[in-house]
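Values reported hereafter were calculated over all heavy atoms of this structure, with side chains retained and with hydrogens, waters and symmetry mates removed. Just follow the structure's listing: the first ligand is 1, and inside any ligand the first atom is 1.
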Amino acid sequence: MSRLLLGAAAVLLTTAATQAPPAPIRIDQAGFETHGPKIAVLPSTQGKPLAWTLTDARGKTVASGQTTPVGPDAASGESVHRIDFGTFQTPGTGYRLRVGSDASHPFAIADRPFLRVATAAMAFFYQQRSGVPILPAFVERKDLARPAGHAPDIATCFAGVDQKGVKWPGCSYRIDATGGWYDAGDHGKYVVNGGVSTWTLLDLYERLPALGDANAFADGRLALPERANGKNDLLDEARVEVAFLLSMQIPDGTKLAVAPDAGVAGKTITRFETIDASGLVHTKIADENWTGLPTAPAEDRQTRFLYPPSTAATLNMVGVAAQCARIWRTIDPAFATKCLTAARRGWAAALRHPNLLTSSDFTGSGGYGDPEVHDEFTFAAAQLYATTSEPAFLDRLRSDGVFTDLGTDIGWGSLKLAGALTLVTLPDTLPADDRAKLRSRITALADGFVAEGKRNGYGIPFGGTNYPWGSSSSILNRAIVLGVAWQIDRKPVYRDAVVASLDYILGRNPLDRSYVTGIGTRPVQHPHHRFWAAAADKRYPAPPTGVLSGGPNSAAANEPGPMKGCAPQTCWIDDYRAFTVNEVAINWNAPLVWTAAFLDATRRR
Ligand code: 9MR
């Protein structure tokens, strides 16, 4: 029997399991920390507090109290009450909250509920690896093993006609970009999104000692081929993508025809200009046409192309390569030197071509077009400064205004705040007054997020009604800011807000849904993914544990279909075809790892 057919048998077992119906009292389905905050949410239009009880596995009441009415909430479209049972601190399983005849799912109270989330979320990255076989020894079910995809992944520049009818000239060279991670449900590999994802994981690595658990990902902690190489497993995984980012850099002495008007609002491409492209970085290597679901990586028959270099891609690589240079300085000096050389070449290239934007007009892959690259300059300068302490980078940071305006959110196209987070906790390099300014800006931002949490029904540090594509990561990226604020001044409210973010992701939401596969009573089961595609074709596997769905996307409210008119937090469906709400991606799983590992490292001992 082939590996895929073997897979099918396992799939029948996994998808046959039906889920519990939604429960009226919403909780973190992964459980609560023994000494952590414990908040549940109950939709109810009652204006007065209601009596709640907490029962143990035998049905005995172990705690009771009154709900707090919060009132109407635009994000969920509900009126809600909160139940705060944080003073109950007895570990166990099978607890349920009850209000009248309503009950929550059974849940656990445990010392380390987030450890499994962090470990499972990291396993996603191994399974997204390109160019290597995914081995049965390192996956939770045999059917998740698969042959290497895109091995090798060698391509030349796109030559042909794009969606707008522009004829691209191609180039005379090829780049070997074998390896790295697939971005998401597709088989594209994008430098822009690889940048923020790798920064996030490396940032976690850099912070763990200060958070109290330097060994959280010590060698052997993750199921990886490198698990006994004597090196940190988080670094082993992140290095896979660092190597890919470096491989996308254009060799010195390369001339290339680029489109200066690409990606510029209101302009169409009418001309190409030949430039010295040395040191610039290609935006992506991806399929010429979209493949369907299912397609295992090794089954992809599309032609792969390199897509044009851009300033944004170059600076993403620069930032991560600079981070690499300081992290591996003592662990692998040769690799660190290679990273720093690549970063400096990339920085020089970006200065020469400061506004080479990305065309989003190619088919077969995601756009990741970013019209605004100032924040990428700040991010790259921050990483270079953190690594080298050279005054030129500090000057650039000052003139970029990183000490006065941070922006509010981190995302694949918004990296200024990521740079600021790196700078604010540097041991001693940053001049004291700059550091003080940055600290107060970051804690002020965190205070604002905490305040937003007080104003919305489900108590998350993300207010308003605009839930963008990948909203799960928007919330978790705010939780990263809160985590860094906690690192700065240890205010419990910051950590509590990180817990609230995870609580929402893991079930305290109006759909009563854990957005992480395999975790909780009602997890997402059918994300959009070309290989974990059992829902589309039973010969393919169901997803592994630990994969985060993009989450509600309020734009779905305006489109015909099952989500039309949805309240923002309910604009989601567990359908593998619904890629605008239910895809998975490296830049979404990375903040899940960061936040879950943060909570586990900072648990009360
Ligand atoms: O995460 C991206 C989101 O911010 C954009 O709005 C969206 C449309 O351009 O694309 C998302 O990224 C997708 C990428 O383009 C291709 N791989 C899958 C990514 C997640 O859906």
Side-chain angles (χ1 to χ4, degrees), residues 124-125 128 130 149-150 162-163 180-200 241 244 263 265 283-293 295 297 300 302 304-305 307 310 312-313 316 357-372 375-376 409-415 418 462 466-478 515 524 526-533 543 547-556 558-559 568 571-573 575-592:
F124 168 79
F125 292 91
Q128 288 291 103
S130 176
H150 308 96
D162 71 16
Q163 295 184 68
W181 303 314
Y182 296 118
D183 188 56
D186 63 319
H187 297 142
K189 300 191 301 191
Y190 309 81
V191 171
V192 166
N193 203 37
V196 71
S197 310
T198 314
W199 169 79
T200 303
E241 188 72 357
F244 161 71
T283 301
K284 58 186 169 184
I285 178 166
D287 291 339
E288 183 176 16
N289 297 294
W290 286 109
T291 56
L293 265 76
T295 303
D300 181 3
Q302 284 294 320
R304 306 274 279 181
F305 281 115
Y307 290 87
S310 62
N316 268 266
L357 302 182
T358 310
S359 164
S360 299
D361 295 335
F362 303 105
T363 183
S365 56
Y368 287 122
D370 184 355
E372 173 52 67
D375 55 295
E376 279 79 12
D409 288 285
I410 299 170
W412 60 260
S414 309
L415 292 176
F462 189 84
N466 178 28
Y467 275 61
W469 190 314
S471 65
S472 297
S473 72
S474 312
I475 295 160
L476 292 174
N477 279 327
R478 287 192 168 192
Y515 289 112
V524 48
H526 310 300
H528 176 85
H529 193 274
R530 279 170 175 66
F531 178 56
W532 306 324
V547 182
L548 174 65
S549 167
N553 179 344
S554 44
N558 308 320
E559 283 152 26
C571 296
W572 184 85
I573 189 170
D575 186 318
Y576 74 92
R577 292 162 298 191
F579 58 88
T580 66
V581 300
N582 204 24
E583 194 164 350
V584 305
I586 54 175
N587 64 318
W588 305 341
N589 249 71
L592 178 63

Hey, do the aromatic rings of Phe462 and Tyr467 have their centres closer than 6.0 Å?
-> yes

How far is [atom] from its nearest protein heavy atom, and which residue and atom is that?
atom: atom 12 (O) of ligand 1; value: Tyr368 OH, 3.3 Å
atom: atom 11 (C) of ligand 1; value: Trp469 NE1, 3.8 Å
atom: atom 4 (O) of ligand 1; value: Trp412 NE1, 2.9 Å
atom: atom 18 (C) of ligand 1; value: Glu583 OE2, 3.2 Å
atom: atom 15 (O) of ligand 1; value: Gly366 CA, 3.1 Å

Answer yes or no for atom 9 (O) of ligand 1: protein heavy atom present at a distance under 4.0 Å?
-> no

Ligand-side contact atoms (ligand 1) for residue partner Ala184, heavy atom cut-off under 4.0 Å | 17 (N), 18 (C)

Using a strict 4.0 Å cut-off to heavy atoms of Asp186, name the atoms of ligand 1 that fall inside it.
-> 16 (C), 17 (N), 18 (C)

Would you please say whether a donor-acceptor pair under 3.5 Å links the side chains of [X] and [Y]?
X: Asn582; Y: Ser549; value: yes
X: Gln302; Y: Asn289; value: yes
X: His150; Y: Asp300; value: yes

Test ring pair (Phe, Tyr, Trp, His ring centres under 6.0 Å) on Trp412 and Tyr190 and set out the steps.
-> CA-CA 11 Å; Trp412 60 260; Tyr190 309 81; 9.7 Å; no

Hey, does Trp588 come in under 3.5 Å of ligand 1, counting only N/O atoms on both sides?
-> no

Should Asp183 be counted as touching ligand 1, given the test is an N or O pair under 3.5 Å?
-> yes

Side chain to side chain donor-acceptor pair (under 3.5 Å) test vs Gln128 passes for just one of Lys189, His529, Glu241, His187, namely His529

Looking only at non-hydrogen atoms, find the nearest pair between Asn477 and Ile410 and report the distance.
-> ND2-O, 3.1 Å

